[in-house]
Amino acid sequence: MDINRRAFLQQVAAFSAGIAIVPMLRSTPPAYGATTPSPLAGPAAQTGQSIISVAKGKDYAALVTKVLLPLGGIAAFVKSGDRVVIKPNIGWDRKPEQAANTHPDVVKAMVAQCLDAGAKEVKVFDRTCNNKNLCYANSGIQQAVESLKSDRAVCEFIDDRKFMPVDIEGGKAVNRWEFYKDALDTDVYINVPIAKHHGLSKLTLGLKNVMGVIGGNRGKIHQEIGQKLADLNRVVGTKLVVIDATRILLRHGPQGGNLDDVKVLDTLIASTDPVAADAYATTLFGLKPSDITSTVAGHASGLGEMDLAKVKIIEA
């Protein structure tokens, strides 16, 4: 059954107060692409065709504006008074040039755009793999957000007390998992992953970035990973995906560390369709969308379109 916002907030309040609660039950979110109206005017919006915007440039602040423009700009997603979550990769104790985390300038520009659109608050966080203090500092993301000097924007550490059990309606490989409360209790969730190699899943892109907002033993997700990622993405209501391909990690991911494994592309990919965005990003590595199990499972689960021939691609 569907869980409405009032019921969800009641469970959040109960959880925060330390009261035992019945696990939340989440239904499949509205399908992306063909059944989700696009903010772009014109034939693509009228038909519900999935749209991918691709932009290139070395000024990453300007690049964020450029890639969002064909989708209607940030105003198509963030309204005055909205509470926004921006979820980048901050999982590794690596510097920006090593391409293990989302570029700090991209995150900063995304936060700034949301603030300019009138967001009431913008939260940036990730459940890190390495030491959280080192990840936040050496990725450059914490300093980038703080440099905006806004009391409406914060790069905060995950609070383990905020993970909540969620029953996933329609989950095929996983039907219950813990999710981070702040990732669910928000008006706008924006997924901003980096595109990079991964030793187990071949690539880590948008769909895999959900790993940073789940609790529990994440190692178990890597068994039958494609379908499990699709199931987990049924819970998080992503409004917008912006994939950071400004520099991509070609080998030894997800942690990397060797600059010889990094290729600079100065590229961003944006879409309301997370499957289509992942499908396009896959081609940057010389792979096909069908090579990535999470893309295949996401498409089969109705989360988006993986056939790029059916997607409107706009080179901004």
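When reading the values below, keep in mind they use all heavy atoms of this one structure, side chains included, and skip hydrogens, waters and symmetry mates.
Side-chain atoms of D278 come within 3.5 Å of backbone atoms of G206 as a donor-acceptor pair (strictly under, hydrogens ignored). Formation of a donor-acceptor pair under 3.5 Å by the S150 side chain with backbone atoms of R152 is found in this model. In terms of modelled atom types and a separation under 3.5 Å, the side chain of W177 and the main chain of G215 share a donor-acceptor contact. At least one donor-acceptor pair closer than 3.5 Å links the side chain of S201 to the backbone N or O of L203. Within the 3.5 Å criterion, the main-chain N or O of V192 finds a donor-acceptor partner in the side chain of T102. One N or O on the side chain of D273 and one on the backbone of E305 form a donor-acceptor pair closer than 3.5 Å. A donor-acceptor pair under 3.5 Å links the side-chain atoms of N89 to the main chain of I194, judged by distance alone.
Donor-acceptor pairing under 3.5 Å is recorded for the side chains of T246 and D244.
We find the CG-CG distance between D105 and L63 to be 11.0 Å, quoted to the nearest 0.5 Å. E121 CD to T186 OG1: the interatomic distance, rounded to the nearest 0.5 Å, is 6.5 Å. Interatomic distance, D261 CG to H197 NE2, rounded to the nearest 0.5 Å: 9.5 Å.
Classified by interplanar angle (parallel below 30°, tilted 30° to 60°, perpendicular above 60°), the ring pair Y180/F125 is perpendicular.
Contact of the V213 side chain with the Y189 side chain is registered, since non-hydrogen atoms from C-beta on lie closer than 4.5 Å. The closest side-chain heavy-atom distance from S53 to L69 is not below 4.5 Å.
A side chain to side chain donor-acceptor pair (under 3.5 Å) with K87 holds for exactly one of N191, D126, T238; it is D126.
Shown here are the side chain to side chain contact (heavy atoms under 4.5 Å, CB included) partners of A117, two or more places apart in sequence or in another chain: I74, V78.
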Can V174 and K220 be said to form a side-chain contact (heavy atoms from CB on, under 4.5 Å), step by step?
-> CA-CA 10 Å; V174 55; K220 292 182 178 180; over 6 Å; no

Could you walk me through whether I168 and F179 pass the side-chain contact (heavy atoms from CB on, under 4.5 Å) check?
-> CA-CA 11 Å; I168 306 170; F179 284 79; 4.2 Å; yes

From CA spacing to verdict: side chain to side chain donor-acceptor pair (under 3.5 Å), N101, S139 | CA-CA 6 Å; N101 302 302; S139 68; 4.9 Å; no

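Electrostatic pairing of D291 and K288 counts as a salt bridge here, judged by a charged N lying under 4.0 Å from a carboxylate O. At a threshold of 4.0 Å, the pair R83-D185 counts as salt-bridged, since one of the basic side-chain nitrogens sits closer than that to a carboxylate oxygen. A salt bridge does not link D266 to K56: none of the charged nitrogens lies less than 4.0 Å from a carboxylate oxygen.
No continuous path of hydrophobic side-chain contacts links L68 to V54 [ILVMFWY only; heavy atoms under 4.5 Å]. In terms of hydrophobic clustering, with Ile, Leu, Val, Met, Phe, Trp and Tyr side chains grouped at heavy-atom distances under 4.5 Å, V296 and I292 are assigned to different clusters. Hydrophobic clustering (ILVMFWY, side-chain heavy atoms < 4.5 Å, transitive): V242 and I269 are in distinct clusters.
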Under 3.5 Å, which donor-acceptor pairs link side chains of residues 106-113 to any protein atom two or more places apart or in another chain?
unit_1, atom_1, unit_2, atom_2, d
K108, NZ, S147, OG, 3.2
Q113, NE2, T65, OG1, 2.6

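Taking the centre and axis of the six-membered ring of F157, the NZ or CZ atom of K132 falls inside the cone set by 45° and 6.0 Å.
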